[in-house]
Amino acid sequence: MKEFSIAMALVDYIPVLLFAVAGVILMRDLYNKMSKGAFALFAAGLIDVTCAGALKATYKLLYALGVCDFTPLSDMFFPVQSIGFLLAGVGILAMLLHRQGKSTAYAVVPPVFKGTFVFVSLMVLGLGMLDAVLCVLSVRLKKPALIVLFLISFVCSLGMGYLSSKDFAQASMNWIAEGVNVAGQGTLLAGVLLLHKNGLTAFRLKKRGEAV
């Protein structure tokens, strides 16, 4: 028996919404700075992560309402979210390193065993690339203080990776995870909004060989 309440399920939608808003702002601001392939990876990754979070929240809501225990919605969360972060990280990193080239292919990890560490590694790798590039953009926009927000977001996301290995049948663990997730996505959104406010849309990345 899982201790899911309706309030808990509804709160679970908050970090999903925060991440989605941050993702939309980033996609709009970075669209003209990416090759088509890089943007496709970046957008697909952000959409994957958003859908994974929304489906997991929906699973909790259906369970709390007593409708059904729709386990596939819960089981797919970690793999889909991890691959989504990896795609987003590869896409945004390609913006800096290979803006005019073709997109780098990503490796698909076949889920033949319950290797949680594999998905954690993919999530950390993708999220690390995403936050690293946002930190670089913060410096280039002369707003290095924003790095703190992205570091907090990254640490909270690492915390979520750790918490995912724990037993979520108890309500207390779910509320702890909710708090960490809201803090992580909230700081991400705050950092993205401040980048947007300070000229990310108009900012022009230097082409290879161009003087800085």
Side-chain angles (χ1 to χ4, degrees), residues 13 15-58 72-73 75-111 118-141 146 150 153-154 157 160-161 181 184-185 188-189 191-210:
Y13 283 102
V16 177
L17 180 60
L18 294 175
F19 182 85
V21 173
V24 169
I25 294 173
L26 283 175
M27 285 189 285
R28 290 170 63 92
D29 286 352
L30 301 179
Y31 177 77
N32 63 347
K33 302 171 181 57
M34 290 183 169
S35 65
K36 292 182 179 179
F39 184 79
L41 287 175
F42 182 63
L46 294 182
I47 292 171
D48 267 6
V49 174
T50 302
C51 289
L55 291 176
K56 183 62 178 287
T58 301
L73 296 183
D75 294 340
M76 69 184 295
F77 169 72
F78 211 6
V80 173
Q81 184 196 54
S82 302
I83 293 175
F85 275 123
L86 178 62
L87 291 177
V90 169
I92 197 170
L93 189 62
M95 177 187 70
L96 291 184
L97 303 181
H98 304 287
R99 294 180 57 235
Q100 303 303 317
K102 294 182 179 180
S103 298
T104 305
Y106 63 94
V108 179
V109 181
V118 174
F119 299 116
V120 171
S121 299
L122 291 178
M123 183 183 73
V124 171
L125 177 62
L127 192 59
M129 289 187 287
L130 174 63
D131 284 325
V133 172
L134 291 176
C135 288
V136 170
L137 292 175
S138 299
V139 172
R140 294 189 180 183
L141 286 169
L146 297 183
F150 296 124
S153 176
F154 182 67
S157 296
M160 285 300 297
N181 204 9
Q185 304 313 323
L188 173 65
L189 176 58
V192 169
L193 284 173
L194 289 171
L195 281 178
H196 176 74
K197 181 179 179 181
N198 285 282
L200 181 59
T201 303
F203 176 71
R204 188 171 70 90
L205 289 168
K206 300 295 182 182
K207 295 182 180 179
R208 191 171 299 176
E210 185 176 352

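- Atom CG of residue L41 and atom CG of residue L86 lie 9.0 Å apart, to the nearest 0.5 angstrom.
- Partners of V133 by side-chain contact (heavy atoms from CB on, under 4.5 Å), not counting sequence neighbours, listed by chain and number: I92, L93, M95, L96, L137.
- The two residues G84 and V49 have their closest heavy-atom pair at C-CG2, 3.6 Å.
- Note that CZ of F78 is 9.5 Å distant from NZ of K56, once rounded to the nearest 0.5 Å.
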I would like to know whether F42 and L130 meet side-chain contact (heavy atoms from CB on, under 4.5 Å); could you show each step before the answer? CA-CA 9 Å; F42 182 63; L130 174 63; 3.8 Å; yes
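- Pairing each heavy atom of G191 with each of F150, the nearest pair is C-CZ, 3.6 Å.
- Between H196 atom NE2 and L30 atom CG the span is 11.5 Å, to the nearest 0.5 Å.
- In this structure, S153 contributes its side chain and Q185 its backbone to no donor-acceptor pair below 3.5 Å.
- Judged by distance alone, the side chain of K33 and the main-chain N or O of T201 form a donor-acceptor pair under 3.5 Å.
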Report the C-alpha separation of L189 and I25 in whole Å, then their side-chain angles, then the decisive distance to 0.1 Å, and conclude whether the side-chain contact (heavy atoms from CB on, under 4.5 Å) test is met. CA-CA 9 Å; L189 176 58; I25 294 173; 4.3 Å; yes
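- For D48, there are no side chain to side chain donor-acceptor pair (under 3.5 Å) partners two or more places apart in sequence or in a different chain.
- Counting only heavy atoms from C-beta outward, the side chains of L200 and L26 approach each other to under 4.5 Å.
- Shown here for V90 and M129, the closest heavy-atom pair between the two residues is N-CE, 3.6 Å.
- Between A52 and Q81 the shortest heavy-atom distance is CB-N, 3.8 Å.
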How far apart are the C-alpha atoms of R28 and V24, what are their side-chain angles, what is the distance that settles it, and do they pass the side-chain contact (heavy atoms from CB on, under 4.5 Å) test? CA-CA 6 Å; R28 290 170 63 92; V24 169; 3.9 Å; yes
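- Contact check for L146 versus L134: no side-chain heavy atoms found under the 4.5 Å cut-off.
- Residues meeting the ring pair (Phe, Tyr, Trp, His ring centres under 6.0 Å) test with F19, sequence neighbours left out: F85.
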Show your working on side-chain contact (heavy atoms from CB on, under 4.5 Å) between D131 and L188 and close with a plain yes or no. CA-CA 9 Å; D131 284 325; L188 173 65; 4.2 Å; yes
